[in-house]
J.: 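Input: one structure, supplied below.
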Amino acid sequence: MPRGAMNFSFFLREALRGLRRSSAPALAALLTVVITALVLGVFIPIVQATTGTANEVRNRVVVDAYLTDDATEADRVEVQRALEGTPGVKSVEYISKDEALRELGHKVNDAQDKIELLGSNPLPSLFRVTPEDPDELKAVVAQIAPGGTPRLDAIDDVQNRESDTGKILSATGLVKGLGAVMAGLLILASIALIANTIRLSVFARRREVEVMKLVGATNWFIRWPFVIEGVIVGFLGGVLSVLLLAIAKTTVVDPLSDRFALLAAPDTIDFPLLVILLLLACVAVSAIGSGITLRRFLRV
Amino acid sequence: MAPAPTQAQAGGTRSRAPRADIPVVEFRDVTKVYDGGSVGVERASLKIGRGEFVFLVGPTGCGKSTCIRLLMKELEPTKGEIDIAGKTLGEIPRSRVPYLRRNIGTVFQDYKLLPNRTVYDNVAYSLQVIGESRQEIRRKVPDILRMVGLSTKLHNLPDELSGGEQQRVSIARAFVNHPPLLLADEPTGNLDPETSIGIMQLIYRINRTGTTVIVATHDKEMVDKMRRRVVELREGRIVRDQQSGLYQHDESTTEFAIRLRGELGVGDEGHPN
């Protein structure tokens with residue numbers, strides 16, 4: 001299709017001419033696209049990392065089954081066997097009274113001294129039960145709690161840390177939500193600014209558009225240069241932001257990720273994939289932006 | 001094809017099969033009332049045949065430009081129908097309007113040239129727009145610019161040219177793909193009489209190639225010199241349609257006296273005393 005190719009080169013030349021002539025608004029649009037892409041490029045990995053962490057915490061969800069104080073060693077063995085045999089249980093860990101005290105000592109200052117005042121160790125020995133799936137926590141609790149199916153008299157009480165995980169999950173949910181809202185707003189701003197750029201460009205070239213109509217140009221013939229103009233702005237913005245992100249990644253994130261687990265979270269997006277996504281988003285945003293304007297301001 | 005002597009540059013003309021009896025332009029009882037209520041054209045009926053040269057004359061605001069814009073389908077008539085080469089404009093869908101305009105050359109008082117493009121590019125533009133190949137553009141543009149006498153100014157920008165030269169560029173652009181109809185809205189409105197003659201000669205030459213030409217003008221001298229068909233409009237109505245007419249209807253001394261009195265505001269028009 002030599003004619004199509006010729007048309008494309010014509011459109012491209014017209015688009016570049018348009019960009020040169022309205023370079024200031026084009027620059028503004030370019031900057032917004034860059035900022036949007038930067039925010040997206042930073043937010044996607046952060047959201048992913050926090051969700052990853054939340055999942056990890058969820059995986060660490062455990063059920064503590066406290067033994068009665070008068071439980072014998074035989075009871076202990078029996079309970080351990082019963083717990084290990086309960087469906088949905090991944091692992092069972094025994095923590096003796098002394099170990100429990102030591103654990104408490106890590107969390108509370110002078111715990112040892114305070115407990116000495118009591119004369120005896122009030123902490124019960126316990127089994128720390130890890131369920132296979134955090135979502136089945138409740139089922140596991142129901143089974144091993146006093147009154148559950150494998151009746152275990154030695155178990156005094158069962159507690160889980162559901163409330164803790166609930167908090168973590170809602171916090172990550174908030175981060176995700178805020179990120180999505182910010183990204184959405186920025187995308188809207190980008191679309192609006194690109195639309196405005198194209199509008200100014202149309203306005204600056206209204207004489208040309210008039211002449212084009214006069215000599216019988218079809219609507220799409222008139223529109224293509226403007227669409228290409230918008231896409232060029234979007235693409236350049238995307239490339240620029242990807243470059244900035246790459247620089248930030250190699251100079252800041254990569255050296256730090258050795259030290260901070262959050263940064264090195266295993267299941268964040270691959271950088272190449274992120275780059276492709278961002279470029280696509282930028283081009284899409286600019287195409288939409290110019291499309292909106294052309295529909296409204298170039299009704300030919 | 002054109003029944004005209006000059007066929008040398010008619011190479012790229014689209015094949016069309018006009019029947020001799022179908023007028024190129026036909027107004028059938030056309031009325032155009034603008035949104036604001038002002039009347040552009042009122043009940044105008046008019047037939048213009050192939051190869052005719054027609055002046056639309058009349059004072060400013062009489063509806064000349066409205067006629068031109070109606071013919072380009074820039075405006076829609078409020079009532080009545082307009083045919084171009086047998087096709088009713090009202091039936092042409094919006095998406096086909098560009099193709100209609102490719103068959104109509106237009107020349108305006110303000111030239112409507114693109115200020116940041118050279119003479120060559122301005123003319124080439126109208127060919128690019130209709131998807132003409134690069135070779136064709138390279139062949140046709142210098143040809144047409146030679147015809148309008150601008151072969152030495154190909155690479156000048158419009159503001160480096162005189163008004164007359166700019167109008168020549170716009171004529172070249174209008175005629176480069178040899179449309180069967182040429183509309184000119186006050187083509188000499190901004191030009192001195194000497195230059196105007198040149199422009200009119202050029203338009204006349206285009207007419208001689210078989211192109212139907214409609215010129216809206218209030219250039220009295222020009223109309224009187226050319227002695228072509230004159231259609232006179234007054235407040236949107238066609239008041240005169242005369243072959244080889246003058247700008248003003250030849251008037252008897254009585255008529256002259258009536259008009260003069262009327263213009264001076266003495267006496268009533270109907271009563272000479």
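Here is how names work: the chains are called A, B, and so on, in the same order as the sequence lines, proteins then strands, and each is numbered from 1.
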J.: Looking at B/Thr106, B/Asn116, B/Leu100, which makes the most heavy-atom pairs under 4.5 Å with chain A?
T.: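 Among the listed options, the one with the most contacts to chain A is B/Asn116.
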J.: Which pair of heavy atoms, one from B/Arg134 and one from A/Ser9, lies closest together, and at what distance?
T.: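 Nearest pair, atom of B/Arg134 first, then A/Ser9: NH2-OG, 3.5 Å.
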J.: Identify the residue among A/Val215, A/Leu214, A/Thr218 that makes a side chain to side chain contact (heavy atoms under 4.5 Å, CB included) with B/Val129.
T.: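 By the side chain to side chain contact (heavy atoms under 4.5 Å, CB included) criterion, B/Val129 pairs with just one of A/Val215, A/Leu214, A/Thr218: A/Val215.
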J.: Between A/Gly216 and B/Arg101, which heavy-atom pair has the shortest distance, and what is it?
T.: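 Reported closest heavy-atom pair: CA-CB, 3.9 Å.
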J.: For A/Glu14, is there an ion pair with B/Arg117 - N to carboxylate O distance below 4.0 angstrom?
T.: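 A salt bridge is present here (some side-chain N lies under 4.0 Å from a carboxylate O).
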J.: Determine whether A/Met212 and B/Ser126 make a side-chain contact, defined as any pair of heavy atoms from C-beta on separated by less than 4.5 Å.
T.: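 No; the side chains remain at least 4.5 Å from each other.
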J.: Where on B/Leu113 is there a heavy atom nearer than 4.5 Å to chain A: the side chain, the backbone, both, or neither?
T.: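 It is the backbone, since no side chain atom gets that close.
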J.: Taking all non-hydrogen atoms of both residues, which atom of B/Gln128 and which atom of A/Phe10 are closest, and how far apart?
T.: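 Here B/Gln128 and A/Phe10 meet closest at OE1-CE1, 3.0 Å.
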J.: To the nearest 0.5 Å, tell me how far A/Arg207 CZ sits from B/Lys112 NZ.
T.: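 The distance works out to 6.5 Å.
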J.: If I take atom NZ from residue A/Lys213 and atom CE from residue B/Met72, how far apart are they, to the nearest 0.5 angstrom?
T.: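 Interatomic distance, A/Lys213 NZ to B/Met72 CE, rounded to 0.5 Å: 10.0 Å.
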J.: Checking B/Arg173 against chain A: side chain, backbone, both or neither under 4.5 Å from a heavy atom?
T.: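 Contact with chain A involves the side chain of B/Arg173 alone.
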J.: Please determine whether the number of non-hydrogen atoms from other residues, nucleotides or ligands lying under 6.0 Å from atom CZ of A/Phe203 exceeds 12.
T.: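 No, CZ of A/Phe203 has 12 or fewer neighbouring heavy atoms, counting only those of other groups under 6.0 Å.
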J.: Measure distances from B/Asn122 to the heavy atoms of chain A and classify the residue's part below 4.5 Å as side chain, backbone, both or neither.
T.: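 Neither the backbone nor the side chain of B/Asn122 comes within 4.5 Å of chain A.
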